[in-house]
Amino acid sequence: MIYEQEMNVALAAVKKAAALCSQVQQKLITSETIIKKDKSPVTVADLGSQAVICLELLKHFGNDPIVAEEDVDTLRDNQNLSSRVHELVTTQISGITHTHMVEAVALGKQKVDFTKRYWTIDPIDGTKGFLRKDQYAIALSLIDHGQIVLGFLGCPNYAFDPNQPSGPGSIFYAVKGKGAFVQSLDTGKQREITSDSITEGRNAKFCESVESAHASHEEHAQIATALNISTPPFRIDSQAKYAAVARGDASIYLRLPRSSSYREKIWDHAAGAAIVEQAGGRVSDFSGKPLDFTCGETLEENIGIVATNGKIHEQVLDAIRSQIQSSRT
Ligand code: AMP
Ligand code: MG
């Protein structure tokens, strides 16, 4: 299989990063004290997760450029933080020196030709969910000449078995042309996933961000009304929203930024978009244009995100056109 080695390395790397993040999240006392007094647990987990993934990519694909969210200066400026991150990283990869770890984290801000091959990492997507002890995702994807060929979402709190909501978490992944899969983070049990078969918008369940600052809940509600959707939105942090659409836990993911000047970050969408598309769904911006991952760190040419099961995509776009000012699409 093409990209087989990349697939195996990336899957293992995201699992290690997920174990590291779970370890930190379980030790959080209450989200309230942490948000008010000390944001460092999330910083430690973010940097640790980025370090683990970068180290694994560096070991196997040393020539590949990486675009990752976190900046190494955070580590360089704080010795205490840096030692805590190193300690955590060595729980997943033994024998790594502090210097090697810092070098690996720094790889995330290289100069990249976005029209060629590169990896993109969001070490903890959904930071707010992580602090609430709720949903978050470790996102990794490989983009080759504008095509997302591999996408991984480690979701330690998103149940592998929907009938067992407090059971083991999941890793969702997709390989271009091969489909989308979910694996238990606990047992490694795996199955293929497909988006649902709903053909009428009114029967759809839609998901959106928990954080109302990240997307316009009011405009999403107008679109839902135009589609005659009566069920309340499924609010969930991080790219777990894409996982929900890919597995049929929801049929639509809407994300219209509050500000028309906001451009989405590539690492917030590449992995999720690949998983939805390989599960039979469709992903576009609010005007129906495909997402363009060749522009840089942001989706410069796209406003808003619509991910659906595919079958109702045009209905959703029609509802958007009827409800949202043309300046927003
Ligand atoms: P979510 O968990 O879906 O609310 O999305 C989390 C992501 O929202 C983070 O990774 C940020 O990159 C992104 N984000 C931060 N500020 C904004 C904003 N003003 N509008 C849209 N997305 C944002
Ligand atoms: Mg993010």
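As the structure lists them, so they are numbered: ligands from 1, and atoms in each ligand from 1.
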Are [X] and [Y] close enough for a salt bridge, meaning some N to O gap below 4.0 Å?
X	Y	value
Arg258	Glu218	yes
Arg132	Asp237	yes
Lys16	Glu56	yes

Anything under 3.5 Å between a donor and an acceptor, one on a side chain of residues 272-282, the other on a protein residue two or more places apart or in another chain? List them.
residue, atom, partner, partner atom, Å
Gln278, OE1, Gly177, N, 2.9
Arg282, NH1, Glu314, OE2, 2.9

Taking only heavy atoms of Lys241, which atoms of ligand 1 are found under 4.0 Å from at least one of them?
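Reading through ligand 1 atom by atom, the close ones are 1 (P), 2 (O), 3 (O).
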Does the N or O separation between [X] and ligand 1 drop below 3.5 Å for any pair?
X	answer
Glu211	no
Asp237	no
Ser238	yes

Option nearest [atom] (shortest heavy-atom distance, choices [options]):
atom	options	value
atom 4 (O) of ligand 1	His269, His214, Gln239, Gln135	His214
atom 22 (N) of ligand 1	Lys265, Glu264, Arg255, Arg263	Arg255
atom 13 (C) of ligand 1	Ile124, Asp268, Ile305	Asp268

Between Ala213 and ligand 1, which part of the residue brings a heavy atom under 4.0 Å of the ligand: side chain, backbone, both or neither?
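Looking at Ala213 and ligand 1, just backbone atoms fall under 4.0 Å.
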With heavy atoms under 4.0 Å as the rule, classify the contact between Arg258 and ligand 1 as side chain, backbone, both or neither.
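No part of Arg258 is near ligand 1 at this cut-off.
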Check whether any N, O or S atom of Asp268, backbone or side chain, sits closer than 2.8 Å to the Mg ion (ligand 2).
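Yes, since at least one N, O or S atom of Asp268 sits under 2.8 Å from the Mg ion (ligand 2).
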Review item, side-chain donor-acceptor pairs of residues 72-81, under 3.5 Å, at least two apart:
residue, atom, partner, partner atom, Å
Thr74, OG1, Asp71, O, 2.8
Asn78, OD1, Asn80, N, 3.2
Asn78, OD1, Leu81, N, 3.0

Tell me the protein heavy atom at minimum distance from atom 1 (P) of ligand 1, and give that distance in Å.
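Sorting protein heavy atoms by distance from atom 1 (P) of ligand 1 puts Ser209 OG, 3.5 Å first.
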Closest non-hydrogen protein atom to atom 18 (C) of ligand 1, residue and atom name please, with distance?
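Nearest protein contact, heavy atoms only, for atom 18 (C) of ligand 1 is Tyr262 CE1, 3.6 Å.
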What N, O or S atom of Asp122 is found closest to the Mg ion (ligand 2)?
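Per the distance ranking, Asp122 contributes OD2 as its closest N/O/S atom to the Mg ion (ligand 2).
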Arg263/Leu299 under side-chain contact (heavy atoms from CB on, under 4.5 Å): CA gap, chis, key distance, verdict:
CA-CA 6 Å; Arg263 290 295 179 276; Leu299 296 171; 5.8 Å; no
With no hydrogens and no angle check, just 3.5 Å: does a side-chain donor-acceptor pair link Ser184 and Asp186?
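No, Asp186 and Ser184 have no side-chain donor paired with an acceptor closer than 3.5 Å.
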Can you check side-chain hydrogen bond (donor to acceptor under 3.5 Å, both in side chains) on Asp122 and Gln239, steps first, answer last?
CA-CA 10 Å; Asp122 192 341; Gln239 286 173 70; 4.9 Å; no
